[in-house]
Number of protein chains: 2
Amino acid sequence: MPQQDQPPEAVLREALEANGQRFTEQRAAVYRFLSSTDKHPTADEVFLAVRSQVPVISLATVYKSLETLVGCGLAMKLTYGDGSARYDGRTDPHHHARCLQCSRIFDVAGRLPSEEISELKEGTEGFHVTGYRLELTGYCTHCQPVEPASA
Amino acid sequence: MPQQDQPPEAVLREALEANGQRFTEQRAAVYRFLSSTDKHPTADEVFLAVRSQVPVISLATVYKSLETLVGCGLAMKLTYGDGSARYDGRTDPHHHARCLQCSRIFDVAGRLPSEEISELKEGTEGFHVTGYRLELTGYCTHCQPVEPASA
DNA sequence: CACAAAGGAAGAATGATTCTGAATAAAGGT
DNA sequence: ACCTTTATTCAGAATCATTCTTCCTTTGTG
């Protein structure tokens, strides 16, 4: 099992080497930022944040670094209907809540019992389930529901 | 509760009028196709399919018709990381399984007990949950898992 | 049947993401 | 330490899905 108490750089270096990828300053910067926030930034937001710490980095490199991190299991890519993908530095299984008004993503504390998923697998006849994703939708504390008041 | 045993056109007309939208031949064609398939086509696939039945229709109209159907509660929009959004004519609550290899979407038979969701709501402190989405991921019968064989 | 307003066609415009080609910098060997 | 090999980076062009714009057509109403 990988070590969580090592310095972030060491964790990254190890994960990259395990996947035959090189350690670079740009990837380190992206990883540092992503693992330091509990927000779920878009690639562009990562780009803006990282650029203030690394002299020069291109948006394309941020995209590729993020994909590399996802490939190494150090990040997750979250996609929703509204434009950009978002990235999550948390790699332990957890769920998200998405605000229908402001599109922000929040982490949810609880977890779904694994038996429930096992039961659902039975309804897939032939499909080989390897994982799942659960997302709650609604309105965050800053956004009041603006649903039509009609019945 | 709306009627499922009426002709599709009547269902559509009623839903449109309830939302202050007009009934048009293009929307009918899109609705007819979407409710006749258990696939989960992209907007472009709907466009190609509908064009063989309606003399002339533009891609933009298909996009707008699909959004209109979603707004009337007659369809659902599904978004995943791989490019295009997909549309689902089934409006009853159900889950999906997505093949990581071929990106196809399949309906899952079972349903998650609502108590589980209620419990998760407690972990959102302040977030007002109005719905949720559950997606299984894995490999369909046509696609063999191609995961690395290493430990 | 005539009218006003919504809807549609066609293609341009937009925004996110990926690709291209030349230059740079890790890792490993001498 | 230096050199070689080759992945990675940069910068901007290219691509793909989706939306917008302008003008024309159709719908629903009196």
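Letters go in sequence order (proteins before strands), and every chain restarts at 1.
- Between B:H96 and B:H40, the two ring planes are perpendicular [angle over 60°; tilted spans 30° to 60°].
- At whole-Å resolution of the value, CG in A:L16 and P in D:dT8 are 9 Å apart.
- Judged purely by distance below 3.5 Å, without hydrogens or angles, the side chains of B:T61 and B:S58 pair a donor atom with an acceptor atom.
- Between A:I57 atom CD1 and C:dA25 atom C1' there is a gap of 14 Å when expressed in whole angstrom units.
- Rounded to whole Å, the distance from CZ on B:R27 to P on D:dG28 is 10 Å.
- Toward the 5′ end of DNA chain D lies the nearest nucleotide of A:V56, the other residue of the pair A:V56 and B:E67 mapping further downstream.
- Of all nucleotides listed (C:dT18, D:dT9, D:dC10), D:dT9 comes nearest to the side chain of A:T24.
- Nucleotide D:dT8 holds its C1' atom 15 Å from the CG atom of A:L66, rounded to whole Å.
- The nucleotide whose nearest atom lies closest to any side-chain atom of A:Y63 is, among D:dT18, C:dA16, C:dG8, C:dA16.
- Relative to the side chain of B:R22, the nucleotides C:dA5, D:dT8, C:dA9 differ in distance, and C:dA5 lies closest.
- Atom P of nucleotide D:dG28 and atom CD of B:E17 are separated by 7 Å, given to the nearest angstrom.
- When side chains are defined from C-beta on, A:P93 counts as touching A:R111, because their heavy atoms get closer than 4.5 Å.
- Counting to the nearest Å, the C1' atom of C:dA10 and the CZ atom of B:F47 are 11 Å from each other.
- In this structure, CD of B:Q26 is placed 18 Å from P of D:dC24, rounded to the nearest angstrom.
- Of the listed nucleotides (C:dA27, D:dC10, D:dT18), D:dC10 has the atom at the smallest distance from the side chain of A:S58.
- In summary, B:R22 and B:E17 do not engage in a salt bridge, as defined by a charged side-chain N under 4.0 Å from a carboxylate O.
- The listed nucleotides are D:dC10, C:dG8, D:dT18; the one nearest the side chain of B:A43 is D:dT18.
- For the pair B:N19 CG and D:dT27 C1', the interatomic distance rounds to 17 Å; values are reported in whole Å.
- Counting non-hydrogen atoms under 4.0 angstrom, B:A60 reaches a base of the nucleic acid.
- Closest-nucleotide positions on DNA chain D for B:D44 and A:T61 were compared, and the one nearer the 5' end corresponds to A:T61.
- Here the side chain of A:S84 is nearest to one of C:dA9, C:dA27, C:dA16, namely C:dA16.
- In this structure, the nucleotide among D:dT9, C:dA10, C:dT17 sitting nearest to the side chain of A:L59 is C:dT17.
- A continuous path of hydrophobic side-chain contacts links B:F23 to B:V11 [ILVMFWY only; heavy atoms under 4.5 Å].
- Backbone-only engagement by B:Q21 is indicated by non-hydrogen atom pairs under 4.0 Å involving sugar-phosphate atoms exclusively.
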